[in-house]
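To keep things clear, I will list the structure first and then write my remarks on it.
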Amino acid sequence: MATEQDIRAWIAGYDRDFNQLCQALMWRLAERFGSIESTPASANSAYRAELNAGRIQGGTPPAGSFVYFDIGSDDHVGYMMEGGRLFMGTSRLAEFWGINAGWNTIAAYVAAP
């Protein structure tokens, strides 16, 4: 599982704007700190693939899990870290660690306009 320190050091090397590219950011995170074989291009497609594989669970997401949101046409995804903070690519963040990449809480993210 990637720690906050791991993610901060890794994302500092990017100069890409990740707003609207949440799934691409999560793919890069999984590629760097985990293992992936392939992934759909959108958060919506990734969610459906995970749902069909039986890997979607309800309740409070544990650290190290991907959290999917049903918003917009492509939806949204973030990575749950310790302390209830969600690392993601968006412009709605509590703290920026890169260009539109950083963290927010689930409650603050869904409450933002």
Side-chain angles (χ1 to χ4, degrees):
M1 179 176 75
T3 67
E4 177 180 334
Q5 293 76 21
D6 294 335
I7 296 170
R8 280 179 178 264
W10 166 74
I11 199 67
Y14 278 95
D15 61 357
R16 181 176 188 150
D17 183 346
F18 283 103
N19 193 35
Q20 303 296 317
L21 295 172
C22 61
Q23 177 63 10
L25 179 60
M26 295 303 107
W27 184 88
R28 284 177 172 84
L29 178 77
E31 179 183 50
R32 171 62 181 88
F33 296 105
S35 63
I36 58 172
E37 293 179 20
S38 66
T39 187
S42 71
N44 179 283
S45 297
Y47 170 79
R48 285 195 317 263
E50 293 297 308
L51 183 66
N52 290 337
R55 293 188 289 257
I56 296 296
Q57 300 174 2
T60 303
S65 62
F66 289 111
V67 178
Y68 294 92
F69 296 85
D70 183 13
I71 59 169
S73 60
D74 290 329
D75 295 335
H76 184 66
V77 62
Y79 175 79
M80 184 57 68
M81 299 184 303
E82 297 290 337
R85 293 172 302 142
L86 194 64
F87 173 70
M88 59 182 133
T90 181
S91 60
R92 300 184 325 198
L93 296 168
E95 185 176 297
F96 288 82
W97 295 348
I99 304 171
N100 289 313
W103 73 268
N104 207 342
T105 64
I106 293 174
Y109 178 76
V110 298

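The CG atom of N19 lies 11.0 Å from the CG atom of L25; values are rounded to the nearest 0.5 Å.
Among residues at least two apart or in separate chains, there is no salt bridge (Lys or Arg N to Asp or Glu O under 4.0 Å) pair with a member in residues 99-113. Applying the salt bridge (Lys or Arg N to Asp or Glu O under 4.0 Å) rule to pairs touching residues 98-113 yields nothing, sequence neighbours excluded. Residue pairs meeting the salt bridge (Lys or Arg N to Asp or Glu O under 4.0 Å) criterion with at least one member in residues 96-113, sequence neighbours excluded, do not occur. The list of salt bridge (Lys or Arg N to Asp or Glu O under 4.0 Å) pairs with a residue in residues 96-108, not counting sequence neighbours, is empty. Counting only residues at least two apart or on different chains, the side-chain hydrogen bond (donor to acceptor under 3.5 Å, both in side chains) pairs with a member in residues 49-63 are E50-R55.
Closest of all the heavy-atom pairs between M80 and L86 is N-CD1, 3.5 Å. Shortest non-hydrogen contact noted between A43 and C22 is CB-SG, 4.2 Å. Nearest heavy atom pair, residue M88 against residue L93, reads CG-CD2, 3.9 Å.
In this structure, the ring-ring contact (aromatic ring centres under 6.0 Å, His included) partners of Y14, at least two apart in sequence or on a different chain, are W10, F18. Judged as a salt bridge (charged side-chain N to carboxylate O under 4.0 Å, His left out), and not counting sequence neighbours, the contacts of E4 are R8, R85. S65 meets the side-chain hydrogen bond (donor to acceptor under 3.5 Å, both in side chains) test with no other residue; sequence neighbours excluded. By the side-chain contact (heavy atoms from CB on, under 4.5 Å) test, F66 pairs with M26, L29, A30, Y68, V77, Y79, sequence neighbours left out. Among residues two or more places apart in sequence or in another chain, the salt bridge (charged side-chain N to carboxylate O under 4.0 Å, His left out) test is passed with R32 by none. Scored by the side-chain hydrogen bond (donor to acceptor under 3.5 Å, both in side chains) test, T90 finds no partners at all (sequence neighbours excluded).
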For residues 100-113, run the donor-acceptor check on the side chains, cut-off 3.5 Å, and write out each pair with its distance to 0.1 Å, sequence neighbours left out.
residue: N100; atom: ND2; partner: D17; partner atom: OD1; Å: 2.7
residue: N100; atom: ND2; partner: D17; partner atom: OD2; Å: 3.4
residue: N104; atom: ND2; partner: R92; partner atom: O; Å: 3.0
residue: T105; atom: OG1; partner: A108; partner atom: N; Å: 3.1
residue: Y109; atom: OH; partner: R92; partner atom: NH2; Å: 3.3

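Note on M81 and F33: same hydrophobic cluster, where clusters join Ile, Leu, Val, Met, Phe, Trp and Tyr whose side-chain heavy atoms are under 4.5 Å apart, directly or indirectly.
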